[in-house]
Amino acid sequence: MPASMPSWLNDTAAPAVQRLKKTLENPCSDAALEALAATAQALTRRHFGRTISLYAPLYLSNYCSGGCVYCGYAADREIPRHKLTLDQARVEMLALRTMGIEEILLLTGERTPRADYAYLRRHVDLAAGIFPSVAIETFPMSEEEYRGLVEAGCTSVTLYQETYDPARYEALHRWGDKADYLSRLEAPERALAAGIRHVGVGALLGLSEPVMEMIRLFNHVHRLRKKFWRAGVSVSFPRLRPQAGGYQAAYPVDERWLARLIFILRTLLPDTPLVLSTRETPAFRDGMAGVGISKMSVASRTTVGGYSDHEDKDPGQFDVSDARDVRAFCAMLREKGLEPVFKNWDMVYRH
């Protein structure tokens, strides 16, 4: 039976939510979209200047215990499985540092004996000695485990709910710890309560009816910002991409709709970092940079490792659309009058 949805997640009474709903549900003319884009760009410049923060992901392992219908790493997929040793991870991290990357996002599948909490913590500790900022996108954890990652040097946790619809969530997550809807929903709060400085949230567009998904995402962001006002919250916009399982989006979202979503969320969340990954095409990313979007991944590999050795050992979690290297991507940003930023902080609070 599907989990019960918290009442705050489904609230549609707030004026901001009503505006979001109206914007996404109604047809939008080219002129209206241009006006919304202009407002989003002005707000982005006011709060983030002409800068785009950059980061890169590093997949540590593609072992997974989950049964997600839509994921290329699901436990029943017949793909080569790999994980990085500490020595291999160090080589990959140093390759990323050579590219100029200062913020790394470490990824794994769902928790397994081959890539468990202890494995992740060792790699966070390694990364913290190489990068000023270490984020993770892995399995949900207890508050005590998140506290241990803070001690190891983790600064940020990204965790997508995938879908906020409990019935769809149950249907899409066939087995494993990830099938626990409420545990995943509450994980960002556990991370922030443990001392994590920043959390990133999002919904995987294409899994469920998108308007209510975005209303619930907005309500989730609002709750986290209100309850943990000293911490940071960012929003990502992942869309389903081709992957090993061959799952087709039940609710396809096109680029025009996604652009409108980004623009309206920028007007409702003017100082919240909005993030766009290399799932999207170069042309779309170029157009969104600085127009709502303030943070982007670059030179991404969705295989395990892949930065020091470009020979693919597995098909990757999903297809990357923007394969430009760091130099080419930064050149594009500068041509648009934007400044790529790899680091604009000091980790004095670690001491």
> So how far is it from L106 CG to S61 OG, rounded to the nearest 0.5 Å?
12.0 Å

> For the residue pair T23 / R260, report whether a side-chain donor-acceptor contact shorter than 3.5 Å exists.
no

> Apply side-chain hydrogen bond (donor to acceptor under 3.5 Å, both in side chains) to D30 and list each qualifying residue two or more places apart in sequence or on a separate chain.
R256

> Give the intermediate values and the outcome of side-chain contact (heavy atoms from CB on, under 4.5 Å) for residues R121 and C154.
CA-CA 9 Å; R121 179 165 176 167; C154 182; over 6 Å; no

> Closer than 4.0 angstrom, basic N to acidic O: yes or no for R147 and E143?
yes

> Charged N to carboxylate O below 4.0 Å: is that the case for R190 and E145?
no

> Considering all heavy atoms of both residues, which atom of S65 and which atom of A75 are nearest to each other, and what is their separation?
C-CB, 4.1 Å

> Under a 4.5 Å cut-off applied to non-hydrogen side-chain atoms, are C28 and L36 in contact?
no

> Shared ILVMFWY cluster between F237 and Y251, side chains joined below 4.5 angstrom?
no

> Taking only Lys NZ, Arg NE, NH1 and NH2, and the carboxylate oxygens of Asp or Glu, determine whether E213 and R168 approach each other closer than 4.0 Å.
no

> Which heavy atom in L107 sits nearest to a heavy atom in L105, and how many Å separate them?
CD1-O, 3.3 Å

> Donor-acceptor pair, distance only, cut-off 3.5 Å: does the side chain of R239 make one with the backbone of R279?
no

> With a 4.5 Å cut-off on side-chain heavy atoms, are L96 and Y307 touching?
yes

> side-chain contact (heavy atoms from CB on, under 4.5 Å) for Y160 and L204? Distances and angles first, verdict last.
CA-CA 7 Å; Y160 303 144; L204 185 52; 5.9 Å; no

> Is there a side-chain contact between P282 and M332, using heavy atoms and a 4.5 Å cut-off?
no

> Heavy-atom count around H222 NE2 within 6.0 Å, excluding the residue itself: above 12?
no

> Is the closest side-chain heavy-atom distance between Y247 and L207 below 4.5 Å?
yes

> If only atom types and distance count, is the side chain of R266 paired as donor or acceptor with the main-chain N or O of P270 below 3.5 Å?
yes

> Decide side-chain contact (heavy atoms from CB on, under 4.5 Å) for L159 and R184; before the verdict, give the C-alpha distance in whole Å, the side-chain angles of both, and the deciding distance to 0.1 Å.
CA-CA 8 Å; L159 193 71; R184 191 170 187 87; 3.6 Å; yes

> Checking E189 side chain against E186 main chain: does a donor-acceptor pair fall under 3.5 Å?
no

> Roughly how far, to the nearest 0.5 Å, is CE of M296 from CG of L54?
8.5 Å

> Do E102 and S133 make a side-chain contact, defined as non-hydrogen atoms from C-beta onward lying under 4.5 Å apart?
no

> For the CD atom on E144, are there more than 12 heavy atoms of other groups (residues, nucleotides or ligands in this structure) within a distance under 6.0 Å?
no

> Considering only NZ, NE, NH1 and NH2 on the basic side and carboxylate oxygens on the acidic side, decide whether R90 and D87 come within less than 4.0 Å.
yes

> For the side-chain contact (heavy atoms from CB on, under 4.5 Å) test, which of E92, R97, M93 pairs with I104?
M93

> Do D271 and R225 have side chains that get closer than 4.5 Å, going by heavy atoms?
yes

> Do you know which of L240, L258, T163 makes side-chain contact (heavy atoms from CB on, under 4.5 Å) with L205?
L258

> What pair of heavy atoms forms the shortest contact from P210 to W257, and how long is it?
CB-CH2, 3.5 Å

> Short question: side chain of E209, backbone of V211 - any donor-acceptor pair under 3.5 Å?
yes

> Counting only pairs under 3.5 Å, give me each side-chain donor-acceptor contact of residues 8-16, with atom names and distances, residues two or more places apart or in other chains.
| residue | atom | partner | partner atom | Å |
| --- | --- | --- | --- | --- |
| N10 | OD1 | R216 | NE | 3.0 |
| N10 | OD1 | R216 | NH2 | 3.1 |
| D11 | OD1 | A13 | N | 2.9 |

> Might you work through the side-chain contact (heavy atoms from CB on, under 4.5 Å) test for F218 and I264, ending with a clear yes or no?
CA-CA 11 Å; F218 178 84; I264 186 61; over 6 Å; no

> Rounded to the nearest 0.5 Å, what separates atom OH in Y169 from atom CG in L182?
9.5 Å

> Would you mind reporting whether D177 and F139 have side-chain heavy atoms less than 4.5 Å apart?
no

> Does atom CD of E34 have more than 12 heavy-atom neighbours from other groups under 6.0 Å away?
no

> So, T112 side chain and R114 main chain: donor-acceptor pair closer than 3.5 Å or not?
yes

> Can you measure from OG1 (T108) to CD (E137) and round to the nearest 0.5 angstrom?
9.0 Å

> Sequence neighbours excluded, which residues qualify as ring pair (Phe, Tyr, Trp, His ring centres under 6.0 Å) partners of Y55?
none

> Could you state the interatomic distance from CD (E170) to NE2 (H173), rounded to the nearest 0.5 Å?
11.5 Å

> Hey, can you tell me if H123 and Y119 have their rings parallel, tilted or perpendicular (30° and 60° cut-offs)?
tilted

> To the nearest 0.5 Å, what is the distance between NZ (K336) and CD1 (I52)?
9.0 Å

> If we ignore hydrogens and angles and just use 3.5 Å, is the side chain of T278 paired with the main-chain N or O of V298 as donor and acceptor?
no

> Salt bridge check, D325 against R327: does any charged N sit closer than 4.0 Å to a carboxylate O?
no

> Quick check against the 3.5 Å criterion: does T155 have a side-chain atom that pairs as donor or acceptor with the backbone of R197?
no

> Please say yes or no: joined through hydrophobic side-chain contacts below 4.5 Å, possibly via intermediate residues, are L43 and V233 part of one cluster?
no

> Verify the cluster assignment for V199 and F228: are they in a single hydrophobic cluster under the rule of side-chain heavy atoms below 4.5 Å apart?
yes

> I want to check something: taking the side chain as every heavy atom from C-beta on, are L33 and F263 in contact at a cut-off of under 4.5 Å?
yes

> Side chain of R174, backbone of G67: donor and acceptor closer than 3.5 Å?
yes

> For S234 versus T272, what's the shortest heavy-atom pair and its separation?
CA-CG2, 4.1 Å

> Is there a chain of hydrophobic side chains (I, L, V, M, F, W, Y, each step under 4.5 Å between heavy atoms) that links V304 to V91?
no

> Considering non-hydrogen atoms only, spot the tightest contact between V134 and G153 and give its length.
CB-O, 3.9 Å

> May I ask whether M288 and F48 are part of the same hydrophobic cluster, defined by side-chain heavy atoms of I, L, V, M, F, W, Y residues being less than 4.5 angstrom apart, directly or through others?
no

> Is there a donor-acceptor pair under 3.5 Å between the side chain of R301 and the backbone N or O of G306?
yes

> So, does N62 use its side chain to make a donor-acceptor pair with the main chain of P80 at under 3.5 Å?
yes

> Minimum heavy-atom separation for P140 to A187, with atom names?
CB-CB, 3.9 Å

> When you check the side-chain N and O atoms of S321 and E280, is any donor under 3.5 Å from an acceptor?
no

